[in-house]
Amino acid sequence: MDSLTKALHQKANLEKSKIMNRFFKTGKGQYGEGDIFLGLTVPQSRIIAKQFKEINLNELKIHLQSKIHEERLIALLILVEKYKKTKDKEIVKFYLSHKEKINNWDLVDLTSHKILGDYIQDKDKSIIYKLAKSDNLWEKRISIISTFAFIKNNQFQDALKISKLLLEDKHDLIHKSVGWMLREIGKRDLQLLEKFLKENYSIISRTTLRYAIEKFSKFKRQAYLKGEL
């Protein structure tokens with residue numbers, strides 16, 4: 001057991017691990033099946049990631065193979081730190097080559113826009129369109145959450161296009177992620193969000209709609225939920 005793994009196990013919390021196993025749906029047939037949680041919080045994982053941020057990619061590769069959820073999370077948080085420091089294309093390639101290990105919503109949400117999204121802001125964005133059309137739940141979530149990097153810089157068109165591609169997806173975790181990104185667009189350009197919602201109202205899931213209009217006034221939220229546009 002190496003130093004990072006030891007540090008991880010020292011923070012294990014059995015009671016929290018039980019809660020997290022339920023919360024992240026690790027049961028048979030659920031989206032997180034097979035994941036093992038030790039019960040670390042995200043702040044605890046960030047502290048460990050900062051302690052071991054100098055470990056190399058070969059070592060990170062080993063940690064990304066772990067069945068322990070927090071170990072993969074820490075490896076990905078280290079990768080975020082490495083990318084922030086260098087903006088290196090090789091880190092983006094490494095991230096994408098291990099995307100099968102980025103297989104729960106928190107792993108996606110804490111990393112994809114900070115690595116992939118940030119890197120392709122001013123480059124070819126075909127990769128996120130390819131991921132959006134994947135049959136894999138997590139690749140689709142990576143595609144939409146990566147657009148958060150664009151949204152933060154008031155670049156909305158790719159986020160709207162990816163959202164449109166995913167509107168009729170069947171999975172609740174995609175509905176939520178699309179709704180979240182639409183809400184973020186609305187914080188910056190309410191008129192654009194409302195235009196998108198009205199144009200696509202007939203195919204937007206209730207979950208996506210609820211997330212997207214969360215910051216609207218109570219009166220306006222009720223109008224949208226009733227279809228009184």
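- Qualifying salt bridge (charged side-chain N to carboxylate O under 4.0 Å, His left out) partners for D106, counting only residues two or more places apart in sequence or in other chains: none.
- For D109, the side-chain contact (heavy atoms from CB on, under 4.5 Å) partners at least two apart in sequence or on another chain are W105, R141, I145, W180.
- Residues that satisfy the side-chain contact (heavy atoms from CB on, under 4.5 Å) test with K53, not counting sequence neighbours, are absent from this structure.
- For T86, the side-chain hydrogen bond (donor to acceptor under 3.5 Å, both in side chains) criterion is met by no residue, not counting sequence neighbours.
- Scored by the side-chain contact (heavy atoms from CB on, under 4.5 Å) test, D124 finds S126 as partners (sequence neighbours excluded).
- The backbone N or O of G39 sits less than 3.5 Å from a side-chain atom of E70, completing a donor-acceptor pair.
- For residues 6-17, the set of pairs meeting the salt bridge (charged side-chain N to carboxylate O under 4.0 Å, His left out) definition, not counting sequence neighbours, comprises E15-K18.
- Taken to the nearest 0.5 Å, the CG atom of L60 stands 12.0 Å off from the CZ atom of F52.
- One hydrophobic cluster, built from ILVMFWY side chains closer than 4.5 Å, cannot hold both I47 and I55; they sit in different ones.
- Tracing side-chain contacts under 4.5 Å through hydrophobic residues (I, L, V, M, F, W, Y), one never reaches I62 starting from L73; they form parts of separate clusters.
- Residues meeting the ring pair (Phe, Tyr, Trp, His ring centres under 6.0 Å) test with F196, sequence neighbours left out: none.
- Both I203 and L197 are assigned to one and the same hydrophobic cluster, defined by single-linkage of ILVMFWY side chains at heavy-atom distances under 4.5 Å.
- In this structure, CD1 in I102 is found 8.0 Å from OG in S112, a value given to the nearest 0.5 Å.
- Placement of L76 and I68 within a single hydrophobic cluster is found when ILVMFWY residues are connected by side-chain heavy-atom separations under 4.5 Å, directly or transitively.
- E59 places a side-chain N or O within donor-acceptor distance of the main-chain N or O of N56, the cut-off being under 3.5 Å.
- Checked against side-chain contact (heavy atoms from CB on, under 4.5 Å), K220 has the following partners two or more places apart in sequence or in another chain: L190, E194, F216, S217, Y224.
- Classification of R188 and E184 as a salt-bridged pair holds, one side-chain N sitting under 4.0 Å from a carboxylate O.
- Geometric assessment of K125 against the ring of Y129 yields a negative cation-pi assignment under the 6.0 Å and 45° thresholds.
- Nearest heavy atom pair, residue S177 against residue I144, reads OG-CG2, 3.4 Å.
- In this structure H63 satisfies the ring pair (Phe, Tyr, Trp, His ring centres under 6.0 Å) test with no other residue, sequence neighbours excluded.
- A salt bridge between D118 and K87 is present, with a side-chain N of the basic residue lying under 4.0 Å from a carboxylate O of the acidic one.
- Pairs of residues two or more places apart, or lying in two chains, that qualify as salt bridge (charged side-chain N to carboxylate O under 4.0 Å, His left out) and include a residue from residues 27-36 are D35-R72.
- Atom CG in D169 sits 12.0 Å away from atom OG in S163 (nearest 0.5 Å).
- With sequence neighbours left out, the ring pair (Phe, Tyr, Trp, His ring centres under 6.0 Å) criterion links H69 to F24, F37.
- I19 and I36 are members of different hydrophobic clusters when ILVMFWY side chains are connected at heavy-atom separations under 4.5 Å.
- Applying the salt bridge (charged side-chain N to carboxylate O under 4.0 Å, His left out) test to every pair with at least one member in residues 172-182, sequence neighbours left out, gives these pairs: D172-K176.
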